[in-house]
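Numbered from 1 within each chain, the chains take letters A, B, ... in sequence-line order.
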There are 2 protein chains.
Amino acid sequence: MGLAKTEMFTEDQNAIALFAKVFGHPARVSILQHLFKINSCVCGDLVNEIGLAQPTISQHLKELKNLGLIKGNVEGTSVCYCIDVENWTQMKKIMYPFLDQDISKSDCC
Amino acid sequence: MGLAKTEMFTEDQNAIALFAKVFGHPARVSILQHLFKINSCVCGDLVNEIGLAQPTISQHLKELKNLGLIKGNVEGTSVCYCIDVENWTQMKKIMYPFLDQDISKSDCC
DNA sequence: TTGTTATATTGCAATATTACGATTAATATT
DNA sequence: AATATTAATCGTAATATTGCAATATAACAA
């Protein structure tokens, strides 16, 4: 297996899981924090910053890009990656209601 | 590999990734939503509700429990699972600043 | 005690993820 | 053109995840 049975869940549940999954690795968390912090970035910076090999960083960037959370523009020999503001906002609209469910009635036992 | 190099990241980054990872499967998202909705729950309900086999649900519950997001009390032959309000609140304190990073200066390219 | 019910654990097969060396592709620079 | 620089892709090894059948365990009921 190793394969989630997405067809038995709602679109919302699958969307939440997809975003969460991409946040589920500290390297990607670190990449995103770095992009927020310095506002613009090339991949090489991230390799130095994070300490994983260049292909590994490139792979993580690809996953973030696939989900639309970042975008990359070619600038000469390097690539300028940055947060995709619109999609990040969209992601928050999906994640927030999940994290913010009414907790007042919980804690039954 | 398949193993994240957690030692090269901050505690905060690893904590975010750990929480996100457990949210990274639609079955666990569904379980949590269900627990919030009906406020109290036994595992059997979840098996019917979600449609995965009982051992699979049990395993997902275990992961949620390991992270402290839910707790389970034995009630006769069944187990009453519910959200751990305190830890859920703690989780939000970690996840929110990450999701809510200042976006205003982003979108450079 | 014997069964019944509810959940957990074990073991395993299928697939996914992580990481990196080697290579490739694309663009600059000389 | 030849070379350097930067990032993407390929291939692969190591490990993790998902899902379930089979089994174990625990608590109750008759």
Donor-acceptor contacts, no H, no angles, side chain residues 14-21 of chain B, under 3.5 Å, sequence neighbours left out:
from	atom 1	to	atom 2	distance (Å)
B:Asn14	ND2	B:Thr6	O	3.0
B:Asn14	ND2	B:Thr10	O	3.2

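- C:dT7 atom P lies 15 Å from atom CG of B:Leu52, rounded to whole Å.
- The partner of C:dT30 is D:dA1, judged by Watson-Crick or G-U wobble contacts that both fall below 3.5 Å.
- A straight line from CG of B:Asn73 to C1' of D:dA27 spans 15 Å, rounded to a whole angstrom.
- Atom CG of A:Asn66 is separated from atom C1' of C:dA16 by 15 Å (rounded to the nearest Å).
- For the pair A:Val74 and A:Gly24, both in contact range of DNA chain C, the more 5′-proximal nearest nucleotide belongs to A:Gly24.
- If you measure from atom CE of A:Met8 to atom C1' of D:dG19, you get 10 Å, rounded to the nearest angstrom.
- Remark: of the listed residues B:Leu52, B:Val47, B:Asn48, B:Leu52 is the sole one forming a side chain to side chain contact (heavy atoms under 4.5 Å, CB included) with B:Ile50.
- Note: B:His60 and B:His25 have tilted aromatic rings, judged against thresholds of 30 and 60 degrees for the angle between ring planes.
- At whole-Å resolution of the value, CD in B:Glu63 and C1' in D:dT18 are 9 Å apart.
- When rounded to the nearest whole Å, the span between CG of B:Leu46 and C1' of C:dA6 equals 13 Å.
- Proximity of a side-chain donor or acceptor of A:Thr89 to a complementary backbone N or O of A:Val85 within less than 3.5 Å is detected.
- A sub-4.0 Å separation between OP1 or OP2 of C:dT17 and a side-chain N or O of A:His60 is absent.
- Using a 4.0 Å cut-off on heavy atoms, none of the residues of residues 11-18 of chain B approach DNA chain C.
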Determine all donor-acceptor pairs shorter than 3.5 Å in which one atom belongs to a side chain in residues 92-99 of chain B; sequence neighbours excluded.
from	atom 1	to	atom 2	distance (Å)
B:Lys92	NZ	A:Asp100	OD1	2.9
B:Tyr96	OH	A:Asp100	OD1	3.3
B:Tyr96	OH	A:Asp100	OD2	2.9

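- In this entry the distance linking CG of A:Leu64 with C1' of C:dT18 reads 14 Å, nearest Å.
- Taking B:Gln59 as the reference, nothing meets the side chain to side chain donor-acceptor pair (under 3.5 Å) condition, with sequence neighbours excluded.
- The distance from the CD1 atom of A:Ile57 to the NZ atom of A:Lys62 is 15.0 Å, given to the nearest 0.5 Å.
- Two residues, A:Gly76 and A:Arg28, neighbour DNA chain C, and the one matched to the more 5' nucleotide by heavy-atom proximity is A:Arg28.
- Applying the side chain to side chain donor-acceptor pair (under 3.5 Å) criterion to B:Glu63, with sequence neighbours excluded, gives B:Arg28.
- What separates NZ of B:Lys21 from P of C:dA16 is a distance of 16 Å, to the nearest Å.
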Nucleotides 7-11 of chain D: which of its N/O atoms have a protein N/O under 3.5 Å away?
from	atom 1	to	atom 2	distance (Å)
D:dA7	OP1	A:Cys43	N	3.2
D:dA7	OP1	A:Gly44	N	3.4
D:dA7	OP2	A:Gly44	N	2.9
D:dA8	OP1	A:Tyr81	OH	2.4
D:dA8	OP2	A:Ser58	OG	2.8
D:dA8	N7	A:Gln54	NE2	2.6
D:dA8	N6	A:Gln54	OE1	2.9

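- Panel note: side chain A:Asn87, backbone A:Gly68; a donor-acceptor pair is recorded below 3.5 Å.
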